[in-house]
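Encoded as structure tokens, the structure appears first; notes follow it.
Predicted model only: the values in this text are computed from it and were never measured. Residue numbers start from 1 in every chain, and the chains themselves are labelled A, B, ... in the order their sequence lines are given, proteins ahead of strands.
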There are 2 protein chains.
Amino acid sequence: MTTAAKTDKPAREQILDAATRLMHVSGYRGTSLDDVLKESGVGKGNFYYYFKSKEELGYAILDRIVQGFLERTLAPSFADPSHAPLEKIQRFFDSILESQRQRNCVGGCFMGNLASELSDVHEGFRRRLTDVFTRWREKFTEALTHAQADGTLTAACDPARLAHFLVASLEGAILMTKVTKEIQVMETCVGELKAHLALYATGAQS
Amino acid sequence: MTTAAKTDKPAREQILDAATRLMHVSGYRGTSLDDVLKESGVGKGNFYYYFKSKEELGYAILDRIVQGFLERTLAPSFADPSHAPLEKIQRFFDSILESQRQRNCVGGCFMGNLASELSDVHEGFRRRLTDVFTRWREKFTEALTHAQADGTLTAACDPARLAHFLVASLEGAILMTKVTKEIQVMETCVGELKAHLALYATGAQS
DNA sequence: GATTATGTACCGACCGGTTGGTACAGAGCT
DNA sequence: AGCTCTGTACCAACCGGTCGGTACATAATC
């Protein structure tokens with residue numbers, strides 16, 4: 001029973017967890033090292049043993065978020081081979097809607113927030129963020145191309161362009177939900193996005 | 001020829017101009033009072049003569065931005081009675097695209113940036129921002145309702161929902177353009193948005 | 001009309017607190 | 001002993017904000 005009932009995770013993880021939590025709602029600049037230290041219960045010397053700067057901590061967090069997003073959010077929606085590609089995209093929409101509901105419209109999209117905060121003032125973050133959004137978009141493009149191949153999506157549409165639009169619209173929807181604090185905004189946008197997809201879809205579905 | 005070739009604007013305007021410029025690219029937290037003071041050439045004592053806090057400066061800037069947006073960006077696109085309502089919306093899309101091009105994809109949307117940065121940590125800003133986005137949306141809703149009335153928009157669509165989606169998508173498009181620094185992203189999204197509108201449009205258009 | 005007050009506009013020094021970051025001594029394990 | 005960790009004291013720079021004071025135009029007083 002030393003001091004507190006702390007989780008026995010290694011300090012590095014503890015820092016990462018705390019910082020992720022804080023930066024998700026307060027942003028990069030809005031979260032101080034001291035905040036992170038207090039939240040994680042880790043000393044300053046220890047922090048600088050694992051990270052050589054706040055910037056590097058930011059990179060580490062972003063990398064982890066990105067990995068989690070790609071592997072635990074994006075991939076699962078597209079993994080199941082028993083669904084049509086367009087349905088996979090719709091399923092992904094729903095998973096994002098659900099995550100916003102669970103978070104009570106707080107925090108928004110970590111990557112989107114960082115993009116808004118740092119794109120114009122920090123090239124390193126900007127490049128990393130561009131990479132994620134590109135990979136995300138590519139996943140969409142891929143699915144849309146498949147849909148074209150199996151005839152559920154009209155050949156008239158450009159998968160790459162449509163993918164760009166879908167990602168952007170989702171980010172915008174998350175942002176507007178974060179401001180208004182009304183989950184219906186997200187629901188509406190997801191619904192409209194599905195309609196947009198249906199615009200290009202042939203009647204071949206279900 | 002005293003000291004420098006200064007503009008003769010009142011100090012308050014000078015502060016507002018400088019702060020707006022700085023905060024548009026660096027955000028609210030990323031812009032310090034000293035930065036604003038140096039940029040505007042105004043002394044600190046004078047600053048606190050006009051504004052009682054940095055927060056109040058932020059409010060003043062946002063208010064001015066909002067007013068400018070409503071009067072000089074939104075209203076003009078919808079003023080001309082010689083166009084159909086759907087064309088007015090499309091014209092507004094184009095004006096946003098153009099402004100992003102002029103800014104070289106830097107800065108993004110001032111209101112969107114502030115929304116992302118402060119919505120979860122500052123209720124005052126959140127409320128003001130919700131108000132602007134609502135007014136923006138209402139302008140869209142209004143036009144869409146008119147379009148329904150004159151038969152260019154199908155009765156099947158819900159103007160309020162569609163308006164929500166259009167605003168959100170535009171914000172997302174601006175954000176993605178800011179990250180990627182590629183104006184084509186904005187062009188693509190605007191194009192897709194027009195297609196989305198066309199989805200609900202009857203063939204009555206020109 | 002000279003003098004005394006008053007209000008506005010302005011400045012830069014300074015304040016306490018916080019920032020990101022460092023130095024370093026020690027603890028615990030192998 | 002020698003390595004990996006960890007806590008603490010400390011730093012300069014910077015943060016938003018306060019302070020005392022100045023310059024000057026106008027108004028009130030005699």
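Distance CZ (A:Phe47) to P (D:dT8): 17 Å, rounded to an integer number of Å. With rounding to whole Å, B:Gln14 atom CD is found 16 Å from C:dC11 atom C1'. For the pair A:Lys38 NZ and D:dG7 P, the computed distance is 16 Å after rounding to whole Å. Look at CG on A:Leu33: it is 16 Å from C1' on D:dA12, rounded to the nearest Å. In this structure, B:Leu37 places its CG atom 13 Å from C1' of C:dA13, rounding to the nearest Å. Atom OH of A:Tyr50 is separated from atom P of C:dT22 by 18 Å (rounded to the nearest Å). Look at CZ on B:Phe51: it is 18 Å from C1' on D:dT18, rounded to the nearest Å. Computed from coordinates, the A:Met23 CE to C:dG20 C1' distance equals 12 Å when rounded to whole Å.
Under 4.0 angstrom from either OP1 or OP2 of D:dC14 there lies no side-chain N or O belonging to B:Ser32. For D:dT6, neither phosphate oxygen OP1 nor OP2 lies less than 4.0 angstrom from any side-chain nitrogen or oxygen of A:Tyr49.
Between the side chain of A:Lys44 and the base of C:dG21, at least one donor-acceptor pair of N or O atoms lies under 3.5 Å.
Atom CZ of B:Phe133 is separated from atom NE2 of B:His164 by 11.0 Å, given to the nearest 0.5 angstrom.
A:Thr152 and A:Asp150 share a side-chain donor-acceptor pair at under 3.5 Å.
Taking the six-membered ring for Trp and the full ring otherwise, the centers of B:His196 and B:Phe165 sit less than 6.0 Å from each other.
If you find the closest nucleotide of DNA chain D to B:Glu55 and to A:Ala11, the one lying nearer the 5' end belongs to A:Ala11.
Of the listed nucleotides (C:dA9, D:dT18, C:dG21), C:dA9 has the atom at the smallest distance from the side chain of B:Asn46.
Residues A:Glu39 and A:Asp17 are not in side-chain contact: their nearest non-hydrogen atoms beyond the backbone lie 4.5 Å or more apart.
Within the 4.0 angstrom heavy-atom criterion, only backbone atoms of the sugar-phosphate kind lie near B:Asp34; the bases stay farther away.
Crowding of A:Arg91 atom CZ: a count of heavy atoms from other residues, nucleotides or ligands under 6.0 Å exceeding 12.
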